[in-house]
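Written out below as structure tokens is the structure these notes cover.
Ligands are counted one by one from 1 in listed order, and the atoms in each one are counted from 1 as well. By convention here, the first residue in the shown sequence is residue 1.
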Amino acid sequence: MSEKAKEGGGGLWGGRFKEPMSERMVPLNRSLDVDRRLWREDIEGSRAWAKALEGAQVLSASEASTLRSGLDRVEARLEEGVPDGVEDEDIHSLVERLLGEEVGEVAGKLHTGRSRNDQVATDLRLWGLRATEEVDAYLHELIDALLDLAERGIEHILPGYTHLQQGQPVRAAHWVLSHVWPFMRDRDRIRHARECIAVLPLGSGALAGCPFPVDREVLREALGFRRVSENSMDAVSDRDWIAEFLFAGALIGVHLSRIGEDLLLFSSREFSFLRVGDGYSTGSSLMPQKRNPDVAELVRGKAARLHGNLSGLLTLLKGLPTGYNRDLQEDKGFLFDTVDTLRLALPALSGAVAGIEFRPEGMERAMDPELLATDLADVLVRAGVPFRTSHEIVGQLVTEAEERGIRLTDLPDSVFESAHPSLGAGARDAFDWERSVEARNLPGGTSRRAVEEQLKTARSRLAEPPSMPIRSNRSTRDG
Ligand code: ARG
């Protein structure tokens, strides 16, 4: 390593300085441990930049081709692993140093017209594009597993809750589908974030633009972006797309925590509506009988990080003056952590969902006839009684049963009849789970037909390709 590299600047800006960087400053300044995983994107961006400089006649054809084959060799070296224990400040300076080792002095021409400000913004967006494709695929897998579970739950009826109190019966499939739609919206949000990411910053220089006649359209095309940034000062400091991505991640966290909570409740002995497989549960080192569906708690817990990352990034961005500021170096940690967290949580949950077994006996045991109180009130409504009155009448019947310490269905016929003549014949018919769910047959309801329709809609929504095509030439390898 050159003397300048040891000074901490890696030869990037040492000319201006008389004294080396303080040893106390070096570790604060370095970001290599975090941004090392951008090496592929850095090389990809540099290849495109070398070509653009050639097009602008800043580089001769032979210089450009030397740089390109040098970058190929750097790529091959980094393929073996980004070296540990090096003193380079960040991944950009490391790649540039290795390129120098490969091709000598001409390596110094690559940075013409480019700044690390537009370079890092470009690298990170390239990484972000790939990461959104990956998250999209994880969500696809999870939704698919939930739809299979919903199909297995069409026949079963369980208590539907509001305020965690039994409300009305619903098909188990309907409950599962209530978790599908939030994840479907998450996928829309991730896809929207991709569109925000696909704006090319390269060609913005440090802040004021590039003075060489580089064709940004060609660059955009080569790197797979959709648009070229409109303002160089904005382009080097715009991290809105990370906020969009992290918000999508934070909301996935909310949804993970909610389904996690339901799975925990529903698999507990008190509910016993379903069983989470052994592969996603743990035991206790002390209590031999324990079998905890930890997957559900772990994904609920991961929501905290997903929320923290969004809040951290917003705090980082707030109040920054125009242009690039070094604070922005912190952006990567939040982004990487959200993607890493989703990489852990989503596939684990998909696997757990695929192995869930419904326990219809548990559902039946839990269902109290009071779940049909609304249906009873509807019997009166159909006989012409205003709903508010029928609500009152049925409410009194529920109290009556409660006072006698019996179930609503065990009240004698005479009590129903004296509550209202129309309840003489109709009351018993209302006490039927199947009839209750089948009555809710409007689109979005819990009847078999409505649920089957919902499943079909969900399947076809899931199959919709993103409006911005997935770039098949990029692998999902990282690091
Ligand atoms: N490591 C830096 C970052 O992540 C690269 C950009 C440095 N730019 C600068 N002007 N010092 O933001």
Just to confirm my output: which protein heavy-atom neighbour is closest to [atom], and how far is it?
| atom | value |
| --- | --- |
| atom 11 (N) of ligand 1 | R116 NH2, 3.5 Å |
| atom 8 (N) of ligand 1 | N117 OD1, 3.1 Å |
| atom 12 (O) of ligand 1 | Y324 OH, 2.4 Å |

Suppose I only count heavy atoms of [X] and a 4.0 Å limit; which atoms of ligand 1 are within that range?
| X | answer |
| --- | --- |
| D90 | 1 (N), 2 (C), 5 (C) |
| K332 | 3 (C), 4 (O), 12 (O) |
| S31 | 1 (N) |

Cationic tip of R37 above F336 ring, under 6.0 Å, 45° of axis: yes

Aromatic contact, F266 with W175 (centres under 6.0 Å): yes

Donor-acceptor pair between D90 and S93 side chains, under 3.5 angstrom: yes

Any donor-acceptor N or O pair under 3.5 Å, side chains S467, E195: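 Judged by distance alone, the side chains do pair up.
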
Heteroatom proximity flag, Q329 to ligand 1, N/O under 3.5 Å: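 N/O-N/O distance under 3.5 Å: yes.
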
Ion pair check, E79 and R73, cut-off under 4.0 Å: no

Lys/Arg-Asp/Glu bridge criterion (N-O < 4.0 Å) met for R116, E96: no

Sub-4.0 Å heavy-atom contact, Q119 with ligand 1: no

